[in-house]
Structures are given as structure tokens and as C-alpha cells.
2 protein chains.
Amino acid sequence: MKLLDIGEVAERSGVAPSALRYYEEIGLITSAGRKGLRRQFGPEVLLQLSLITLGKAAGFSLQEIAGMFGKDGQPDLPRDQLHARADALEAQIRELTVLKDALRHVADCPAPSHLECPKFRKLLRAGSITAEV
Amino acid sequence: MKLLDIGEVAERSGVAPSALRYYEEIGLITSAGRKGLRRQFGPEVLLQLSLITLGKAAGFSLQEIAGMFGKDGQPDLPRDQLHARADALEAQIRELTVLKDALRHVADCPAPSHLECPKFRKLLRAGSITAEV
DNA sequence: CTGCAAATTAAAGTCAACTTGAGGTCAAGG
DNA sequence: CCTTGACCTCAAGTTGACTTTAATTTGCAG
């Protein structure tokens, strides 16, 4: 079984060695063992790091990510909680879509004040995040 | 013209007073003036705060949000940069979708190790974020 | 065997985005 | 008029996620 040392994991995952040590310290990943002092990682860590990177990009904290996929890649949470998270993600996707549309609107609409443009306001209201204005 | 004091803005926007002061300090929002010591906010600040909240949920820093919608709600960036941001958002939406599907898979797939499940790996590869594994 | 690039640790530093605390001000209702 | 609750400022503290630094140690190519 092929083990990787931290430098190689860093290079192939794009995650800095210091970050990898930190992830291990907080229990987000595990090293397969040591060769002398040096951590050796199993190859599955690369896939885990993809997941972690993805989760981070999605705005989850490392704690939350740890809860979704345990440090061995297995979920800590029961099914329904995982589905609840997926539902939350769907909501977030909808919000992002609103923001994206708002941005496109702002880029293209010639109105002087977007905050007063009916189309723009409608876009925001569609996101249902608009406070009672 | 109806002005709101900070407590009311906080209540209606869901943003803490301390955060509102901070936002003003960094120039993300502006108060319409003062009544004695007290900041008075114009009602448009509520819509701006919706945008800010939305942007934050999308993982943008306050600096980035400030660049998208200036403190008066007008964009600081030229059109093409706004479109570039919208494109980036679209990419992020795709990533979130991958993560969401991965989560649903994990919730439902009975395989012992998801990291080895072909379906799961395919999902991740579809996100094209997977390191060379 | 030697030398050195690459690893190790622990502790401190950094950055964003706020929050908290102490001490002070003020406008409005009773 | 007086109290009180909502506001003010400024400085320091907090949290998350790392990075940096300094002082070692070590695996392995030559």
C-alpha cells in the first residue's frame, strides 16, 4: 500500500502542509502512521481533501464538514440529518441564483438606482430574503 | 422622509447593532445623519442589508460585496467584471450542486465506504474538483 | 558516511468580522 | 424635572482557519 508524505499530499491536493497538520490536529483527517517523525498519508486522504475543499467553498466550517463526512470519510450524521443538510444546500443554491441574477441585472440595467428598479426588487423578493421594507 | 434608528434597523434586518456600526465604519453602508449622537438610517439601508446578507451567505467577503454594490447600492465595478463575478457564482452553484448530490448519495447509498463507491467518485469527478487520485 | 532538503514541534502571529465592556450621553415619557 | 433605556465611543477580546518562525531531526541520494 502506497503511502504519501505530507509534501506530496500538499502538492497533489493543493492544500498547504501547515493546513494538513492543522486538519489532523483538529481530527478532520488522519495520517496512516509515521515513518520516523514524518506523517504518512494513505491515498484516500486526497479524496477526503476534495470533499473538504468543496465543503469549504460551499461556506461550511471545518466542524460542519467533519460532521458530514467523518474523518474516515464516513458520515457521522444519521440519514435524515444528511438530507436536511442537502435541503439547506438547495436553499443556498437558490439564494446564490438570486444573487447571480441580481448581479447580471446590475451589470445590464441602465436604471440609475437599482434599489428602486422594480425588476431588481422583484428579483430580491424572489429570494425571499428581503426584510420587510 | 422616515428615518430609522439603529435598533429598528437591527430588528428589521436581523443584523446586530454592533455589526451595523462596523459596516458603517468600513464604509459598507452610510447613515443618513445623526439625531444628537444617534445614527439615523434611511429605509434603503434595509435593502442594502439584504444584499449584504445574501452576499455573505454566498461566501463573499465584505470587501467583495462592497465592490459589487457600492455603499449607495450602485456598483463600483464595470459591467464585464460584474458578469465575471456572476460567472464565478455559476461555477460555485455547480460545486454546491455536486456537494448536495454527494450528501444525498452518502445518506442513501448502503456501500460501506463511499470513498470507494464508483457512483460517489463519479459524482465528485463531475465537479472536476477531484485531485489526481 | 555525509549533507541537506524536507520533515518535525510548539508557540506566536495574522486576518476578517464582529462582540464585549467600560464609561459616558441624551431624548422622551411619566 | 428626572429617570431610564437606547444609544454613543474606543479599546480590547474572540473565533476560525490557518501561517510563520525558530529550533531541531531525519531519510535518503550521492
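Below, chain A is the first sequence line, B the second, and so on; all start at residue 1. Below, each value reflects all heavy atoms present in this structure, side chains not excepted, and no hydrogens, waters or symmetry copies. Keep in mind it's a predicted model, so treat the numbers as computed, not measured.
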Note to self: When you measure from the side chain of Gln92(A) to the backbone of Ala58(A), do you find a donor-acceptor pair of N or O atoms at a distance under 3.5 Å?
What the structure shows: yes
With a cut-off of less than 4.0 Å, is there a side-chain N or O of Lys35(B) near OP1 or OP2 of dC7(D)? no
Whole-Å distance, Glu8(B) CD to dA6(D) C1', equals 13 Å
For the backbone of Ala57(A) and the side chain of Glu95(B), can you confirm whether one donor and one acceptor N or O come within less than 3.5 Å of each other?
no
Closest non-hydrogen atoms of Leu4(B) and Pro43(B), given as atom of the first, atom of the second and distance, are CD1-CA, 4.2 Å
Please walk me through it: do Arg34(A) and Gln40(A) pass side-chain contact (heavy atoms from CB on, under 4.5 Å)? CA-CA 5 Å; Arg34(A) 296 285 182 120; Gln40(A) 299 297 116; 5.9 Å; no
Judged by nearest nucleotide, the residue sitting upstream toward the 5' end of DNA chain C, Pro17(A) or Tyr22(B), is Pro17(A)
Its 5'-most and 3'-most nucleotides having an atom under 4.0 Å from a non-hydrogen atom of chain B, DNA chain C is contacted over dA17(C) to dA27(C)
Whole-Å distance, Leu20(B) CG to dT9(D) C1', equals 16 Å
Per atom distances to the Asp5(B) side chain, the nearest of dA6(D), dC8(D), dT26(D) is dA6(D)
- Quick one: are Arg104(B) and Glu90(A) in side-chain contact, heavy atoms under 4.5 Å? yes
Glu25(A) CD to dC18(D) P, in whole Å, measures 12 Å
task = Answer with base, sugar-phosphate or nothing: what part of the nucleic acid does Arg21(A) contact at a heavy-atom distance below 4.0 Å?
result = base
* Just checking Ser61(A): base, sugar-phosphate only, or nothing, at a heavy-atom cut-off of under 4.0 Å? -> sugar-phosphate
DNA chain D nearest-nucleotide lookup for Ala19(A) and Ile6(B): closer to the 5′ end is Ile6(B)
To the nearest angstrom, the CZ-P distance between Phe41(B) and dC7(D) comes to 10 Å
field: side-chain contact (heavy atoms from CB on, under 4.5 Å) assessment of Leu62(A) paired with Lys56(A)
entry: CA-CA 7 Å; Leu62(A) 298 183; Lys56(A) 284 203 343 168; 3.8 Å; yes
Whole-Å distance, Leu37(A) CG to dC28(D) P, equals 13 Å
(request) Verify, without hydrogens or angle tests, whether Gln81(B) (side chain) and Pro78(B) (backbone) share a donor-acceptor contact under 3.5 angstrom. (result) no
message: Counting only side-chain nitrogens and oxygens, does Arg34(B) get under 4.0 Å of the OP1 or OP2 atom of dT9(D)?
response: yes
DNA chain D nearest-nucleotide lookup for Arg38(B) and Gly36(A): closer to the 5′ end is Arg38(B)
Ile26(B) atom CD1 is separated from dC10(D) atom C1', nearest whole Å, by 18 Å
